[in-house]
Structures are given as C-alpha cells and as structure tokens.
Amino acid sequence: MTQEKWGQLRERLLKTVGKNNYTTWIEPMKFQELEDGVAVFSVPTNFVGNYVSQNFADLILYELNTSGEDVRRLAFRVAANSPARPAASPDDADQQEETEMPNVAPVSSASANAPLDALQTAPLDKRFTFERFVVGKPNELAHAAARRVSEGGPVTFNPLVLYGGVGLGKTHLMHAIAWELRERQPELNVLYLSAEQFMYRFVQALRERRMMDFKHLFRSVDVLMVDDVQFIAGKDSTQEEFFHTFNALVDQNKQIIISADRAPGEIKDLEDRVKSRLQCGLVVDLHPTDYELRLGILQNKVQQHSATYPDLKIRDGVLEFLAHRISTNVRVLEGALTRLFAFASLVGREIDMELTQDCLADVLRASERKITVEEIQRKVSDYYNIRLSDIIGPKRLRSYARPRQIAMYLCKQLTSRSLPEIGRRFGGRDHTTVMHGVRRIEELKLTDGQIAEDVEMLRRALEA
C-alpha cells in the first residue's frame with residue numbers, strides 16, 4: 001500500500017469518525033509497511049496504539065480491504081520503534097486486564113477478518129459504575145430501570161431503551177449495567193457494542209459469505225447491549241438484520257438494552273418496524289440536568305479529586321457558580337472541574353472565584369445559556385401535559401395545534417434557527433406553516449390573556 005493510498009483512506013475515515021476523533025487518534029498514525037497481511041503503523045505513544053486498536057481497528061481494516069488491500073491485522077509501533085501492544089488476537093485476549101473487559105467470549109476487536117464465531121465486547125470504563133452515578137429527579141427513572149435490569153432476574157421489560165442528549169448519563173448507565181451483570185452473574189454472555197460495530201460485523205459477514213455464523217453469534221448471547229442505535233438509521237440491510245436479531249432474542253426471553261440520542265419514534269430514517277420494536281418495551285428519557293443534580297455531581301467529583309490533590313482547598317460558592325453556569329453537558333462540567341484542580345495544583349493556589357474565572361474563561365464563554373428547539377418542545381409539552389410526539393406529529397386538534405404554535409413562536413423568539421429549520425424540527429413542516437403559527441400567537445397575545453400569560457411563563461422558565 002502506498003502513502004498516497006493511505007492518504008485517500010484517511011479522508012474516508014475523517015468523514016466516518018468525525019473531525020475530533022480523526023484529529024486525536026487517526027491523524028497521528030503514520031503508515032510504515034504492509035507485510036504478510038499485517039499493516040504496521042507508527043504512533044506517538046502506546047496509549048494511542050491501544051486506543052485505536054480497541055475503537056477504530058475494525059473500521060480501518062474494513063476500509064483497507066474494501067480498497068483492495070489484503071490486510072488481516074493491524075500492528076502499532078511507537079516512534080522509537082518499540083512495539084505498542086498489538087491488536088488483540090483470539091489467543092491472547094484472555095490475558096487482558098480483568099478491570100477493562102467484561103465477561104464475554106474473547107476474540108480480536110482489531111481485525112475485521114477475525115473469526116465470526118466469537119465477538120469481543122466494547123471496552124468498559126471502570127469509572128462508570130452505579131456507585132459513581134449521581135441520581136436526581138431528571139434521571140431517577142432511568143437509574144431505577146437500569147438497576148432493575150442489572151439484577152439479572154426475570155425479564156420484565158424488553159427492550160430497555162435509554163435516550164437523551166449528549167452528556168446526560170446514557171453511556172454511564174450502559175457500562176454500569178454491564179459491570180453489575182458481570183459481578184452478579186459472571187456466567188452470562190453479555191455483549192456490549194456500538195451500533196457501528198454491529199454494522200461493521202454485518203458487512204464483514206456479507207463480504208465473507210458467513211451470514212449464518214453472524215446470525216448464530218448474535219442470537220446466542222444472554223444480554224445484548226447496543227449503544228447509539230441511531231447510527232443504523234438509513235442503513236436498510238443493517239436495520240433488517242438488527243430487526244431479525246431483536247426478534248430472535250426476544251423470542252428466547254433474552255434481555256436487550258438500547259441507547260439512543262432521541263426517542264425511537266423521533267429517529268429519522270429508522271424503519272417503522274424497528275421503531276415499533278424498540279417502543280414495545282420500556283422507553284426512558286434522561287432529561288437535561290437541573291441545578292441540584294449538577295451540584296451533586298460536582299460534589300461527588302470533588303471527593304474523588306481530593307484523593308489526588310489532598311492539600312487543595314476550594315472556596316465556598318465555586319461549585320454553585322459552576323453548577324449555574326455550565327448547564328448543558330455533564331462531561332463539560334466534570335472536565336472543567338478536573339482542569340480547575342490541575343491548574344490550582346500547578347500554580348499553588350486555592351480554588352476561588354478569581355482563579356475559576358481565569359482558568360475556565362473559554363469554557364464559561366462556550367457554556368453561556370443557549371436555548372434549543374428540542375428544549376422548547378419538551379418544556380411546552382410538559383406545560384400543557386401532552387406528549388412530545390404530539391407537538392411534533394401531524395395531529396391538528398386544537399389541544400395540540402395551539403401548543404405547537406406557541407412552541408414555534410418561542411423557537412423564533414429565543415433561538416437563532418431559521419423558519420425552514422424550525423419547520424424541519426416540527427415534523428418536516430413548511431416554513432410558511434411556522435410563519436403562520438408565529439403570527440397567530442402574536443395576535444392572540446394581544447387579545448387572549450391566558451395565551452399571553454402562558455407564553456410569558458414558558459419564556460421565563462426557559463431563560464431561567
């Protein structure tokens with residue numbers, strides 16, 4: 001394989017994994033040689049090699065083989081030519097650290113041409129346990145449902161679908177379930193993987209004409225956990241196989257746990273029969289965090305950081321300030337606190353408001369309150385006690401149409417979204433429909449005191 005060909009392949013990887021993943025993990029890799037079916041790459045550290053091996057090797061091997069190269073395995077060497085840990089093989093996978101991998105049939109996660117008669121789970125983060133999950137009103141139902149499933153008893157709801165925006169705890173709960181099942185019932189065959197990994201394995205089976213092996217593998221697990229299922233939307237063949245796998249496992253009374261970034265009914269290009277299957281179990285929304293939950297998360301993280309920085313002091317009011325200002329993403333919130341502790345230890349100062357604002361100036365600017373269309377839709381549906389799907393859906397009953405128009409009006413007033421984009425977020429409606437809804441609410445505010453009061457209360461709640 002030439003360097004030019006590797007450069008073309010990297011362009012395809014950029015489109016698949018996204019700019020951030022590409023810049024962090026793929027771009028530092030330098031192609032060295034291809035010999036006896038092994039593609040060798042130079043990486044700056046062992047950590048980079050290990051991470052790519054665990055998370056992107058299937059994709060890289062698929063792209064290499066699709067481009068005409070005969071590659072069976074990836075190997076990584078640090079810049080000084082000392083070998084990084086190669087991609088795991090079926091023979092050595094049993095020797096990986098117990099804290100990193102759950103109890104599943106061990107095989108290579110790094111080879112798209114690995115045997116189909118076994119499959120390695122995605123790596124589990126040892127920090128993501130139930131003990132470290134902070135429970136509050138926005139996530140208490142999701143936490144209770146995850147706890148129930150993790151007990152491994154009789155299947156009471158199948159599937160369990162956890163959905164919500166970025167950084168609200170879906171992945172944490174998925175990992176926590178896997179860890180708990182492994183602890184309680186180590187004999188169970190628990191398979192945790194992303195929807196993309198499911199797709200890559202499916203494509204591999206098609207290419208090698210080994211669909212029967214694929215079907216047997218995925219239908220022989222005791223618990224199937226699929227993260228970010230929205231990524232199979234629009235991929236017809238993968239959706240069909242997922243549908244049949246789902247049915248086979250349900251028929252065997254095997255537990256299925258799914259996560260997604262939105263409710264199944266709201267995932268665009270997901271087949272109706274797949275949506276219907278996902279909605280037949282327990283579908284739980286992880287709501288955006290409230291102030292009390294964010295403060296609790298920060299207090300929990302401070303206890304963990306105190307073990308590393310025992311001499312650091314944090315002034316009163318700092319955690320409350322962060323909980324108010326960084327409200328959209330728990331990962332950003334935790335990352336800000338980590339940076340704060342590291343910075344304070346380096347400069348030898350206590351953590352007060354001045355140091356916090358200096359250290360986190362960029363994070364605080366980026367986290368200024370931004371109201372989203374989805375947040376407005378959810379707030380309006382809660383206020384009028386109707387389902388979110390009725391706000392977005394086609395029903396024209398006045399009990400749905402008026403709240404929908406109010407939501408459109410608030411989207412126009414409180415966000416920078418254009419009328420066509422607002423229309424798309426409301427079930428694909430035309431921009432003229434949005435314009436009519438906005439004008440109607442403007443008129444009613446002048447003549448209907450109840451409408452004016454409702455709009456004002458909703459606006460205040462959204463801007464709080």
Side-chain angles (χ1 to χ4, degrees), residues 16 58-59 62 116 119 121-122 142 145-146 149 155-166 168 170-171 173-174 177-178 190-206 211-286 374 377 387-395 424-428:
T16 304
D58 274 1
L59 174 61
Y62 170 69
L116 279 168
L119 185 62
T121 193
V149 169
V155 176
T156 53
F157 33 76
N158 209 9
L160 170 62
V161 179
L162 305 171
Y163 77 92
V166 175
L168 298 183
K170 301 187 303 296
T171 298
L173 284 178
M174 292 282 280
I177 293 170
V190 180
L191 178 58
Y192 169 70
L193 75 169
S194 69
E196 288 180 303
Q197 288 171 317
F198 181 89
M199 180 184 68
Y200 297 145
R201 287 290 173 175
F202 174 65
V203 171
Q204 175 197 352
L206 286 176
M211 280 305 300
M212 291 306 296
D213 291 341
F214 176 91
K215 292 175 185 292
H216 173 74
L217 171 66
F218 275 90
R219 297 175 194 190
S220 63
V221 301
D222 297 306
V223 180
L224 177 63
M225 307 178 69
V226 181
D227 213 351
D228 291 324
V229 77
Q230 70 273 5
F231 286 119
I232 68 170
K235 301 171 178 67
D236 295 341
S237 297
T238 303
Q239 288 191 68
E240 181 174 2
E241 185 54 41
F242 178 80
F243 175 77
H244 293 308
T245 298
F246 184 104
N247 286 341
L249 291 173
V250 169
D251 289 343
Q252 298 175 59
N253 205 31
K254 301 297 180 64
Q255 182 70 59
I256 301 173
I257 306 163
I258 304 292
S259 81
D261 65 351
R262 67 204 75 175
E266 299 169 15
I267 301 177
K268 185 180 178 182
D269 296 329
L270 193 65
E271 291 182 4
D272 288 340
R273 60 178 177 173
V274 177
K275 290 181 183 179
S276 176
R277 282 299 186 185
L278 294 179
Q279 291 170 324
C280 71
L282 178 61
V283 181
V284 185
D285 181 4
L286 281 89
E374 290 77 10
Q377 291 171 335
R387 293 180 301 180
L388 181 61
S389 58
D390 292 327
I391 286 277
I392 300 170
K395 295 180 181 178
R424 286 194 294 272
R425 302 292 184 90
F426 281 82

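What you see is a predicted model; the values in this text were computed from it and never measured. Position 1 is the first residue of the sequence; numbering continues from there.
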Can you tell if the side chain of R201 reaches within under 4.5 Å of the side chain of L217, non-hydrogen atoms only? no
Side-chain (Q239) to main-chain (D269) donor-acceptor, under 3.5 angstrom: yes
Has the side chain of T245 got a donor or acceptor atom that lies under 3.5 Å from a matching backbone atom of E241? yes
On a heavy-atom basis, the closest approach of F231 and A195 is CB-CB, 4.3 Å
Determine, for F246 and R277, whether the Lys NZ or Arg CZ falls below 6.0 Å from the six-membered ring centre while staying within 45 degrees of the axis. no
How long is the gap from NZ on K395 to OG on S389, to the nearest 0.5 Å? 7.0 Å
Is any side-chain heavy atom of I257 closer than 4.5 Å to a side-chain heavy atom of M174? yes
Under 3.5 Å, side chain of K170 to main-chain N/O of G165, donor-acceptor pair present? yes
Does L193 reach the side chain of L224, with side-chain heavy atoms less than 4.5 Å apart? yes
Residue pair E196, L59: steps toward the side chain to side chain contact (heavy atoms under 4.5 Å, CB included) verdict: CA-CA 9 Å; E196 288 180 303; L59 174 61; over 6 Å; no
Check the surroundings of atom CZ in R273: do more than 12 heavy atoms from other residues, nucleotides or ligands lie under 6.0 Å from it? yes
Please examine the side chains of K275 and L278, heavy atoms only from C-beta on, and report whether any two atoms are closer than 4.5 Å. no
Steps toward side chain to side chain contact (heavy atoms under 4.5 Å, CB included) verdict (L270, I232): CA-CA 8 Å; L270 193 65; I232 68 170; 4.2 Å; yes
Close side-chain approach of S276 and P264, heavy atoms under 4.5 Å: no
Side chains of D236 and E271: does their closest heavy-atom pair fall under 4.5 Å? yes
Does any non-hydrogen side-chain atom of L286 lie less than 4.5 Å from one of L173? yes
Report yes or no: does S259 contribute a side-chain atom to a donor-acceptor pair with the main-chain N or O of D228 at less than 3.5 Å? yes
Where do V229 and A260 come nearest, in terms of heavy atoms and distance? CG1-CB, 3.8 Å
Measure across V221 and K254 and return the closest heavy-atom pair with its distance rounded to 0.1 Å. O-NZ, 3.4 Å
Does a donor on one side chain and an acceptor on the other come within less than 3.5 Å for Q255 and N158? yes
Starting at CZ of R387, measure out to CD1 of I392 and round the result to the nearest 0.5 Å. 11.5 Å
Can you tell me how far CG of L162 sits from CG of D261, rounded to the nearest 0.5 angstrom? 13.0 Å
What pairs with F242 under ring-ring contact (aromatic ring centres under 6.0 Å, His included), at least two apart in sequence or on another chain? F198
Contact between V284 and L160 at the side-chain level, heavy atoms closer than 4.5 Å - yes or no? yes
Here the gap from I256 atom CD1 to M225 atom CE, rounded to the nearest 0.5 Å, amounts to 12.0 Å
Rounded to the nearest 0.5 angstrom, the CG-CZ distance for L249 and F218 is 10.0 Å
CE of M199 to CD of Q204, rounded to nearest 0.5 Å, is 12.5 Å
If we ignore hydrogens and angles and just use 3.5 Å, is the side chain of E374 paired with the main-chain N or O of R262 as donor and acceptor? no
